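Working notes, structure below.
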Amino acid sequence: MNKKQRLVMIGNGMAGLRMLEHLLKLAPERYEITIFGAEPHPNYNRIMLSSVLAGGADMNEIIINDLNWYKEHQITLHMGHTVTQVDTGERKVVSDQGIEAGYDVLVLATGSNPYMLPLPGADKEGVIAFRSIRDCQTMIEASRKYSKAAVIGGGLLGLEAARGLLNLGMEVSVVHIHPYLMERQLDETASRMLQRELEKQGMKFLFSRHSEAILGHRRARSLTFAEGGRIEADLVVMAVGIRPNVELAKRAGLQVNRGIVVNDFLETSTAGVYALGECAEHRGIAYGLVAPLYEQGAVLAKRLADVPAEGYAGSVTSTKLKVSGVDVFSAGNFREQEGTRVLRYQDELEGTYKKLVIQDNRLVGAVLFGDTSDGAELFSLMKKGESVQGREKELLLGVPADALSKGPGSGRLETMPEDEIVCGCNGVSKGTIVQAIQEQGCASVGQIKACTKASGSCGGCKPEVEGLLRIYAGEAALDVKEGICGCTSLSRDEVVAEIKRMRLMTVKEVMNVLGWSTEEGCTKCRPALNYYLGMLWPEDYVDEKESRVTNERFHANIQKDGTYSVVPRIYGGVTSPSELKKIAEVAEQFEVPMVKFTGGQRLDLLGIKKENLPKIWEALDMPSGHAYGKTLRTVKTCVGNTFCRFGTQDAIGMGIRLEKEFERLNTPAKVKLAVSGCPRNCAEATIKDFGVVAIDGGWELHIGGNGGVHVRATDLLCVVKTEDEVIEWASAFLQYYRENANWNERTSSWVERVGLDQIRTALESKEERAALQSRIRAVLDKTTDPWKQILSQPELRKNFEPLNREEVSRAGH
Ligand SMILES: Cc1cc2nc3c(=O)[nH]c(=O)nc-3n(C[C@H](O)[C@H](O)[C@H](O)COP(=O)(O)OP(=O)(O)OC[C@H]3O[C@@H](n4cnc5c(N)ncnc54)[C@H](O)[C@@H]3O)c2cc1C
Ligand SMILES: NC(=O)c1ccc[n+]([C@@H]2O[C@H](COP(=O)([O-])OP(=O)(O)OC[C@H]3O[C@@H](n4cnc5c(N)ncnc54)[C@H](O)[C@@H]3O)[C@@H](O)[C@H]2O)c1
Ligand code: SF4
Ligand code: FES
């Protein structure tokens, strides 16, 4: 006989699932659990939608509990089912698809609905909220076709939406009803500083505007204001606050104000029915941030497991805006009122601002702009309600901004009390993180996330978690253990060593033998293992195409509209009239929408449908330029002494030789080379992975440069005399990088991590260089041109069917 009680939960979101995770630890056998979730997804990290929109995370990276998790815990999940009826008399719920479930315990975790302004025209296509995966996808799709967006609401959500849309290439205007941004979290001074930063990033603002109507035929085209005037907008995102989702509870006869009324144990007015999360109202407050919701979850789990616990007493909240390049923190009651004392510090040169609000000698509120590193400490003081008398100046001036990221001895993290909360979203204290490092052996941020959840939500506490790792596990652990993912506790070096020792030959075998925590791995470890196996067994390993990202599977770069680009190999950037003619003819024949020179001196044919790729490769009859993969991209050259009067060496010849030598090389991350014919360095060799600069009588060899987001100038590796020596050193350097870097680690990060000295030492002996060169040669000898290979094999050609959406989202960069 089944003695388990039946627990039904309505809502498959962050608050409810966190509560269940606690409950399953406390009383794994107590309940037979059924969940109804209206969205067609397993539980995902809603917070991370801002990062997905801004391009910082992939949709499939934000799933918190995948379908296996439900299976493992024998939870019945009705995904895509909305509960439409709750019968508290009969103790059962019914879904819109007719599924009925009886309960002994019912948990309402229905979250909130975004508030949609009831404007005329609000039902037009292109008018949406920002709440779900679906909204996020709609925005990404809209950005492919349209260029102008209006975001109504200048709060946290509106600004994060606006930043994401800017990243997607749209022009964005934020329409705010208040005279300044984020008035619920910031005072006017901080708000104006924020506005200036965001304007620099390209955001436009309209303040004190009341939206009146959305005009357009079927789709939104413009937004008008009660004050007069209009702006063009093909996409209108409403981010004007949320309303607890209480309709169902109301119909079921539960007591409801703004939210579903609950007591300190999350009990509603009806016995056996509980509510938590954004839908619940506790002591008059319905929260809209995860930290308090997770606190509620911990209390409710104990209640449901019959573990004695104190009730939930409400939360002081803090927020951070997740917009890159802008640090804003706000906590508690930051407005000055009668009986409060306000301390302010502003540094216009540094662009920092700090405001502390003190009442009865206790810190009750804080606003930080520009440097938010004191946020956790201030928030902790605020929550504890300790007297700060005599410490005011110290709190205001704080510790140096970079103290957190310094090594041992950095001060504040070391002296931070054990019970101070480091990860606000997940309520994880310093003590818990230190224990995970010291007792559970966690040695990377990923492992700490897996053990404690710290840094797993908004990611704002990652610098502090890294700081604690440096102090308690040492610099080396942080560096070495990063590089794989949460599916394994092994470091990259350990995995590589085990593959070698046990001669593991396939991705699946590595996962099985090394005890991966997931059966299929994830989007991080699969391609990483595929690379390590290929690097270790160049002769025998068969590349697993399915472990590669879309660009590498299709040997072309996927574009934002789902078409591809084709870049044929043009060695050293030197072409000929006949080659140009051929490219022009192909472009005409296939009506290629755009032909463009790339930053690496190549010709890019853009806007090509997947099904046309093989035909175009065939017509071009040129090798792949590998503009899409983790491989040698281009060797940029200047004209050198062939034409330039300053040139001291043959930069073109050297560049072509390097490109022919290393084309098709599989590397941990993309690799770019350049050769300049004199120190004037017109080929910009000092921001390349391997840069060659001619000098009188020889060549300078530079390594570890990057011209991308994090610009880094190269380090000088050595000076050599001959072209053969350039090839020898380049071979040794690239092979050493192949054998030692983490997958997806650019040389710039790798050189910084391991240090120039280590690389110089590894390459200094002629014998070692020769050994590395012979290993890289063996790899290069096995490579073939991927376009030719696909053209010659009908079964590979078959893959070039029209594109589906999943491929767009899985495309690599
Ligand atoms: C873009 C974005 C960024 C955010 N960033 C942050 C941040 O940085 N920090 C922070 O603290 N918070 C942030 N938040 C807020 C945070 O995500 C929410 O507070 C949190 O997700 C609320 O959790 P919940 O479980 O109460 O509700 P939800 O996550 O909304 O889950 C409720 C679920 O219940 C389902 N549901 C509702 N009614 C029914 C029904 N009748 N039947 C079946 N299912 C139903 C809904 O479809 C939904 O999936 C952000 C929110 C968004 C949208
Ligand atoms: N980084 C974070 O912590 C974060 C990020 C995103 C969302 N969230 C949470 O998600 C929820 C929703 O966020 P939100 O920003 O929509 O809510 P919000 O209530 O915090 O802010 C809404 C903003 O819209 C403005 N507004 C209201 N009516 C308007 C109108 N007619 N025209 C123009 N502006 C108008 C308000 O003045 C306010 O500043 C909140 O609970 C928020 O805390 C948090
Ligand atoms: S780097 Fe020197 S050789 Fe090359 S184009 Fe510039 S000036 Fe001429
Ligand atoms: S503070 Fe948000 S994840 Fe730690």
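Start at 1 and go down the list; that is how both ligands and their atoms are numbered. This is a predicted model, so every value here is computed, not measured.
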[X] bridged to [Y] by N-O distance under 4.0 Å:
{"X": "R303", "Y": "E267", "value": "yes"}
{"X": "R209", "Y": "E227", "value": "no"}
{"X": "R192", "Y": "E188", "value": "yes"}
{"X": "K204", "Y": "E199", "value": "no"}
{"X": "K636", "Y": "E659", "value": "no"}
{"X": "E281", "Y": "R258", "value": "no"}
{"X": "R230", "Y": "E212", "value": "no"}
{"X": "R131", "Y": "E278", "value": "yes"}
{"X": "E21", "Y": "R18", "value": "yes"}

For [X], is at least one N or O under 3.5 Å away from an N or O on ligand 1?
{"X": "R131", "value": "yes"}
{"X": "V290", "value": "yes"}
{"X": "R46", "value": "yes"}
{"X": "L293", "value": "no"}
{"X": "E39", "value": "yes"}
{"X": "T82", "value": "no"}
{"X": "A15", "value": "yes"}
{"X": "L248", "value": "no"}

Run the numbers for me: atoms of ligand 1, each under 4.0 Å from some heavy atom of [X], listed by number.
{"X": "N245", "answer": "37 (C), 38 (N)"}
{"X": "F36", "answer": "43 (C), 44 (N)"}
{"X": "S50", "answer": "1 (C), 3 (C)"}
{"X": "G277", "answer": "26 (O)"}
{"X": "A109", "answer": "32 (C), 33 (C), 34 (O)"}
{"X": "A38", "answer": "43 (C), 44 (N), 45 (C), 47 (O)"}

Just checking, any donor-acceptor pair under 3.5 angstrom between side chains of [X] and [Y]?
{"X": "Q185", "Y": "T319", "value": "no"}
{"X": "D66", "Y": "Y44", "value": "no"}
{"X": "N245", "Y": "T110", "value": "no"}
{"X": "E700", "Y": "H702", "value": "yes"}
{"X": "E183", "Y": "H176", "value": "yes"}

* Below 2.8 Å of atom 2 (Fe) of ligand 3, tally up the protein N/O/S atoms for me. =>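 Of the protein's nitrogen, oxygen and sulfur atoms, 1 lie under 2.8 Å from atom 2 (Fe) of ligand 3.
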Closest approach of [X] and [Y], non-hydrogen atoms and distance?
{"X": "S676", "Y": "A683", "result": "OG-N, 3.1 Å"}
{"X": "S455", "Y": "C423", "result": "N-SG, 3.6 Å"}
{"X": "D135", "Y": "I128", "result": "O-CD1, 3.8 Å"}
{"X": "C279", "Y": "L276", "result": "SG-O, 3.4 Å"}

* To do: Report the part of F130 (side chain from C-beta onward, or backbone N, CA, C, O) that has a heavy atom under 4.0 Å from ligand 1; answer both or neither where that applies.
  =>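 It is both parts that get close, each with some atom under 4.0 Å.
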Please write down residue, atom name and distance for the protein heavy atom closest to [atom].
{"atom": "atom 21 (O) of ligand 1", "value": "M14 SD, 3.4 Å"}
{"atom": "atom 41 (N) of ligand 1", "value": "V83 O, 3.0 Å"}
{"atom": "atom 31 (O) of ligand 1", "value": "G13 CA, 3.3 Å"}
{"atom": "atom 27 (O) of ligand 1", "value": "G111 CA, 3.2 Å"}
{"atom": "atom 5 (N) of ligand 1", "value": "K322 NZ, 2.8 Å"}
{"atom": "atom 34 (O) of ligand 1", "value": "G11 CA, 3.2 Å"}
{"atom": "atom 18 (C) of ligand 1", "value": "E278 OE2, 3.0 Å"}

Look at [atom] and find which of [options] reaches it with the closest heavy atom.
{"atom": "atom 2 (C) of ligand 1", "options": "L157, L53, T110, L49", "answer": "L157"}
{"atom": "atom 14 (N) of ligand 1", "options": "I10, L108, D135, I47", "answer": "I47"}
{"atom": "atom 15 (C) of ligand 1", "options": "G37, G288, A239", "answer": "G288"}

* For the pair T224 (side chain) and A213 (backbone), establish whether a donor and an acceptor sit closer than 3.5 Å, ignoring hydrogens and angles. =>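 It does hold such a pair.
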* Asked: Distance-only, no hydrogens or angles: does the N641 side chain make a donor-acceptor pair with backbone N or O of C644 under 3.5 Å?
  ->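 No: the side chain of N641 does not pair with the backbone of C644.
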List below, pair by pair, the N or O atoms of ligand 2 and of the protein that are less than 3.5 Å apart, including the distance to 0.1 Å; reply 'none' if no pair qualifies.
residue  : atom   : partner : partner atom : Å
ligand 2 : 1 (N)  : E160    : OE2          : 2.9
ligand 2 : 1 (N)  : K320    : O            : 2.8
ligand 2 : 15 (O) : L156    : N            : 3.4
ligand 2 : 15 (O) : L157    : N            : 3.1
ligand 2 : 16 (O) : A239    : O            : 3.4
ligand 2 : 16 (O) : G241    : N            : 3.0
ligand 2 : 19 (O) : R184    : NH1          : 2.4
ligand 2 : 34 (N) : I177    : N            : 3.3
ligand 2 : 37 (O) : E183    : OE2          : 2.6
ligand 2 : 39 (O) : E183    : OE1          : 3.1
ligand 2 : 39 (O) : E183    : OE2          : 3.1
ligand 2 : 41 (O) : G288    : O            : 2.9
ligand 2 : 43 (O) : G288    : O            : 3.4

* Asked: Which of parallel (below 30°), tilted (30 to 60°) and perpendicular (above 60°) describes H81 and H78?
  ->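 The arrangement is tilted - the two ring planes meet at 30° to 60°.
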* Asked: Which of parallel (below 30°), tilted (30 to 60°) and perpendicular (above 60°) describes Y312 and Y287?
  ->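 Perpendicular, since the angle between the ring planes exceeds 60°.
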* **Sub-4.0 Å heavy-atom contact, H81 with ligand 1** =>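 Distance cut 4.0 Å: H81 passes for ligand 1.
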